[in-house]
Peer 1: 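Here it is: the structure, laid out below.
Just so it is clear: chains get the letters A, B, ... in the order the sequence lines come, proteins before strands, and each one is counted from 1.
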Amino acid sequence: MAKQSKTAISPTREQDYPAWYQEVIKASDMAENSPVRGCMVIKPWGYAIWENIMQQMDVLFKETGVKNAYFPLFIPLSYLEKEAEHVEGFAKECAVVTHHRLEPDGKGGLKPAGELAEPLIVRPTSETIIGESMARWTTSYRDLPLLLNQWANVVRWEMRTRMFLRTSEFLWQEGHTAHATAREAKERTMQMLDVYTKFVQECLAMPVIRGRKTVAERFPGADDTTCIEAMMQDKRALQAGTSHFLGQNFAKSSEIKFQNEEGQEAYAWTTSWGTSTRMIGGIIMVHSDDDGLVLPPRIAPAHAVIMPILKKGDDNREVMESARGLKDVLEGKLYHGRKINIEIDDRDTGGARGWDWVKKGVPVRIELGPRDIEQNMVSVARRDQAVNEKQSINREEFISEFTNILDNIQDTLFNRAIAFRKENTFEIDDKKAFYKIYQKARGYKNGAFVMAHWCGSQDCESTIKDHLSVTIRCIPFDSPVEEGSCICCGNSSSRRVLFAKAY
RNA sequence: CGGGGCGUAGCGCAGCCUGGUAGCGCGCCUGCUUUGGGAGCAGGAUGUCGGAGGUUCGAAUCCUCUCGCCCCGACCA
């Protein structure tokens, strides 16, 4: 018997975390690199996760009154120029379209011709072009609030890319709202952060810390940026969603004005909020193990796979019929608002078949052979448990318990992630200890979330960033007011902030 | 964009230093055996050695350029 490595994925997380991450994506067949630099091809197994994210978040958005729309991929260069901070934030990473036609170059190839009068940028985000529409759609306070969202792709010409976490083109959702009052806009900012929190924690089983960005980490053009931050297994932080209060900055640059109840002309107050395919990178890094992807049942493309145990001979029909029967019964149910999806894999590849599904992260693996059928049992393995750990369950009992099993896996993953974060989050007041914890932070084994006091000065923030590549991920909403001294300069501070290395 | 590493079959790699147009493991195909499990035996298919130039009688191998990937840094809502 050819002995394989003990883990399905090599290297392991401990051996080489970034390489492990790439391997999980490859082994699960989620995505691959494309011929275009920095861009990825999302394969069906990966895209199905995104579809599930879209479907479930879309429902949550609509419950708050948001409507979907679609705005152009191309934005006139002059639009981006309207908001000064916004320009500064995005100019460096914009792709620019300068021509609209190709002609034979005389050497058998093609060359761009027909230069555009005004270059178009490929949207890195859509505040400016949506602002243009909002300005025209908003004349009276009765037109407000205007609550829009679009599901789209955006392009940011990144220097360094990683699949799902940072690619030159990525898929996201961007919400844009306009309101009559600052208070209402601020409430909307928080409301959408609540939606993100609920979705990420309940559906992706990723615990998050909610908070406010420092001025240095704010969205360009925002008055206030709030975020949810999650801990990956290498103890780095991943921003899983952001929601911005844009004040009147974009309203002024895009002329989003309306007549208020007193008949006076006023600028609207706007917000924007987004989440992206980056969340899939988060799912990978929060839950997966050295045997590959682990998917929370609520976003898994398939909830379970049935692997019929077939023998060469003529008695397989009964097994296949039994498998199909089980699939039909289970698929007649709903789980967390989504129709249950069961795969049947009847390939005759021996044990490799099971490992394929382990690597793909399917939550439940069901083996069904003649012996099971005879005894009216099914053999069940769960992705949140050891690979060889399987139990025989009465078929009817399994069917009636199936959604509970899925819930149980979902809860296990969430609780595990919470426990992991707790183990690796520290309150530190001593500067030496703070430096020590990050100076040795290389790879998977070290690093941490640190709650430490910060005086509020940008100098201290950037000093720490320079020394340790550690940044303030957020000022958590729930960090209590308490007296302390800044971890960097020692000046007085009234609350702790969250420090971590960031993705 | 700076420093480092790497591109050879679907995947993982050897061969390169010391040029003679490719090999191993896994996977894949066929047959037999096996079967609650990353199977065994036998046979088989698959590569313009990332790309373009150059040196040479001859280049995966040497030289130049180029594209891409990975890591560190810079940078990044």
Side-chain angles (χ1 to χ4, degrees), chain A residues 1-11 16-23 26-27 29 32-40 85-86 88-93 124-125 127 154 156-163 165-168 170 172 174 213-222 224-227 229 239-244 246 272-276 278 291-292 307-313 316 319 345 347-359 365-373 375 377-381 387-388 390 392 442-443 465-466 469 471 473-474 502-503:
Chain A
M1 188 181 290
K3 202 65 201 156
Q4 305 275 325
S5 57
K6 290 186 181 65
T7 58
I9 298 296
S10 69
D16 187 342
Y17 192 81
W20 165 84
Y21 176 79
Q22 303 287 334
E23 261 318 297
K26 195 178 286 180
D29 212 27
E32 60 189 29
N33 278 310
S34 75
V36 183
R37 180 196 161 90
C39 294
M40 66 192 290
E85 281 187 45
H86 202 57
E88 210 179 311
F90 287 110
K92 286 190 299 263
E93 45 193 75
T125 179
E127 273 75 7
V154 286
R156 296 180 188 180
W157 214 260
E158 300 289 353
M159 294 309 246
R160 184 171 163 190
T161 59
R162 293 170 214 242
M163 281 208 255
L165 296 173
R166 175 168 282 112
T167 45
S168 294
F170 58 94
W172 79 343
E174 52 180 320
K213 287 292 188 190
T214 63
V215 174
E217 298 278 333
R218 226 180 242 168
F219 177 76
D224 187 21
T225 289
T226 63
C227 62
E229 298 279 334
Q239 178 180 288
T242 52
S243 184
H244 316 290
L246 302 175
S272 69
W273 25 278
T275 56
S276 72
R278 181 174 230 214
D291 289 321
M307 295 178 282
I309 307 294
L310 304 174
K311 315 268 182 195
K312 278 226 173 110
N316 288 331
V319 177
D345 185 350
R347 290 176 302 157
D348 180 19
T349 58
R353 175 174 67 171
W355 283 100
D356 280 352
W357 291 100
V358 169
K359 287 184 277 192
R365 303 187 304 283
I366 304 161
E367 287 168 15
L368 192 62
R371 222 184 294 157
D372 300 300
I373 292 166
Q375 296 165 25
M377 304 289 270
V378 290
S379 178
V380 177
V387 171
N388 55 12
K390 57 180 177 181
S392 229
R442 287 276 181 278
K465 187 178 176 183
D466 288 347
S469 300
T471 49
R473 298 325 304 148
C474 69
Y503 270 102

Peer 1: Identify the nucleotide, in any strand shown, that forms a Watson-Crick or G-U wobble pair with B:C28, with both distances under 3.5 Å; if there is none, say none.
Peer 2: B:G44
Peer 1: Specify the closest pair of heavy atoms between A:R473 and A:E217, including all atoms of both residues, with the distance to one decimal.
Peer 2: NH1-OE1, 3.4 Å
Peer 1: Using the P atom in both, what is the distance from B:C24 to B:G44, to the nearest Å?
Peer 2: 12 Å
Peer 1: For B:A74, what is the paired nucleotide under Watson-Crick or G-U wobble rules, both distances under 3.5 Å?
Peer 2: none
Peer 1: Please report the interatomic distance CG(A:D345) to CZ(A:R365), rounded to the nearest 0.5 Å.
Peer 2: 12.0 Å
Peer 1: Give the minimum heavy-atom separation between A:P124 and A:F90, together with the two atoms involved.
Peer 2: CB-CD2, 4.0 Å
Peer 1: Round to a whole Å and report the spacing from CG of A:N33 to P of B:G50.
Peer 2: 17 Å
Peer 1: Between A:L310 and A:V154, which residue's closest nucleotide on RNA chain B lies nearer the 5′ terminus?
Peer 2: A:L310
Peer 1: Using a heavy-atom cut-off of under 4.0 Å over every strand shown, decide if A:T161 touches base, sugar-phosphate, or nothing.
Peer 2: sugar-phosphate
Peer 1: Closest to the A:S469 side chain: B:C76, B:A74, B:G36?
Peer 2: B:A74
Peer 1: Measure the distance from CZ on A:R371 to P on B:U35 and round it to the nearest whole Å.
Peer 2: 11 Å
Peer 1: What is the nucleic acid contact for A:R218, judged by heavy atoms within less than 4.0 Å: base, sugar-phosphate only, or nothing?
Peer 2: sugar-phosphate
Peer 1: Which base sits across from B:A14 as a Watson-Crick or G-U pair, both distances under 3.5 Å?
Peer 2: none
Peer 1: B:C76, B:G36, B:G38: which one has an atom nearest the side-chain heavy atoms of A:A8?
Peer 2: B:G38
Peer 1: For B:A39, what is the paired nucleotide under Watson-Crick or G-U wobble rules, both distances under 3.5 Å?
Peer 2: B:U33
Peer 1: Taking atom P in both B:G20 and B:G2, what distance in whole Å separates the two?
Peer 2: 35 Å
Peer 1: Can you tell me the distance, in whole Å, between the CE atom of A:M40 and the C1' atom of B:G68?
Peer 2: 16 Å
Peer 1: My understanding is that a pair needs two contacts under 3.5 Å, Watson-Crick or G-U wobble. By that rule, which nucleotide pairs with B:A59?
Peer 2: none
Peer 1: Please report the distance separating the C1' of B:G37 from the corresponding atom of B:C70, rounded so that it comes out in whole Å.
Peer 2: 35 Å
Peer 1: What's the closest nucleotide to the A:I309 side chain, out of B:C70, B:C76, B:G37?
Peer 2: B:G37
Peer 1: Suppose you measure atom P in B:G36 against the same atom in B:A22; what distance do you get, rounded to whole Å?
Peer 2: 43 Å
Peer 1: Could you grab the distance from atom NZ of A:K213 to atom OG1 of A:T242, nearest 0.5 Å is fine?
Peer 2: 8.5 Å
Peer 1: With a non-hydrogen cut-off below 4.0 angstrom, is A:G241 in contact with a base, only sugar-phosphate, or nothing?
Peer 2: nothing
Peer 1: Give the minimum heavy-atom separation between A:R278 and A:L165, together with the two atoms involved.
Peer 2: NE-O, 3.0 Å
Peer 1: Rounding to an integer number of Å, can you tell me how far A:F90 CZ sits from B:C75 C1'?
Peer 2: 14 Å
Peer 1: Applying the Watson-Crick and G-U wobble criteria at under 3.5 Å, what pairs with B:G7? Answer none if nothing qualifies.
Peer 2: B:C67
Peer 1: Return the minimal non-hydrogen interatomic distance between A:G292 and A:I9, and the atom names on each side.
Peer 2: N-CG1, 3.3 Å
Peer 1: Over all strands shown, is A:S379 touching base, sugar-phosphate only, or nothing at heavy-atom distances under 4.0 angstrom?
Peer 2: base
Peer 1: Could you measure between the two P atoms, the one in B:C63 and the one in B:C69, and give it in whole Å?
Peer 2: 24 Å
Peer 1: Taking the P atom in each of B:G10 and B:G53, what is the distance between them to the nearest angstrom?
Peer 2: 24 Å
Peer 1: Distance check needed: B:G36 C1' versus A:W355 CH2, whole Å only.
Peer 2: 15 Å
Peer 1: For B:G4 and B:A60, measure between their P atoms and round to the nearest Å.
Peer 2: 27 Å
Peer 1: Rounded to the nearest Å, what distance is computed from the CZ atom of residue A:R347 to the C1' atom of nucleotide B:G27?
Peer 2: 11 Å
Peer 1: Would you name the heavy atoms of A:C474 and A:E229 that are closest together and state the gap between them?
Peer 2: SG-CG, 4.4 Å
Peer 1: On a heavy-atom basis, which atom in A:L310 and which in A:N316 lie closest, and how many Å separate them?
Peer 2: CA-OD1, 3.6 Å
Peer 1: For A:R353 and B:G37, what is the distance between atoms CZ and P respectively, to the nearest whole Å?
Peer 2: 12 Å
Peer 1: Can you confirm whether A:W172 is buried at CH2, in the sense that more than 12 heavy atoms of other residues, nucleotides or ligands lie under 6.0 Å from that atom?
Peer 2: yes
Peer 1: Can you give one letter per nucleotide of nucleotides 1-13 of chain B, 5' to 3': B if a protein heavy atom sits under 4.0 Å from the base, S if only from the sugar-phosphate, - if neither?
Peer 2: B---------SS-
Peer 1: Rounded to the nearest Å, what distance is computed from the CZ atom of residue A:R365 to the P atom of nucleotide B:G38?
Peer 2: 13 Å
Peer 1: Suppose you measure atom C1' in B:C11 against the same atom in B:C17; what distance do you get, rounded to whole Å?
Peer 2: 28 Å
Peer 1: Can you tell which of B:C71, B:G38, B:G36 lies closest to the side chain of A:R162?
Peer 2: B:C71
Peer 1: What is the nucleic acid contact for A:G369, judged by heavy atoms within less than 4.0 Å: base, sugar-phosphate only, or nothing?
Peer 2: base
Peer 1: Distance criterion of 3.5 Å, no angle test: do you see the side chain of A:D356 paired donor-to-acceptor with the base of B:G38?
Peer 2: no
Peer 1: Judged by each residue's nearest nucleotide on RNA chain B, which is more toward the 5′ side, A:K213 or A:S34?
Peer 2: A:S34
Peer 1: Could you pull out all residues at least two apart from A:Q22 that satisfy side chain to side chain contact (heavy atoms under 4.5 Å, CB included)?
Peer 2: A:M163
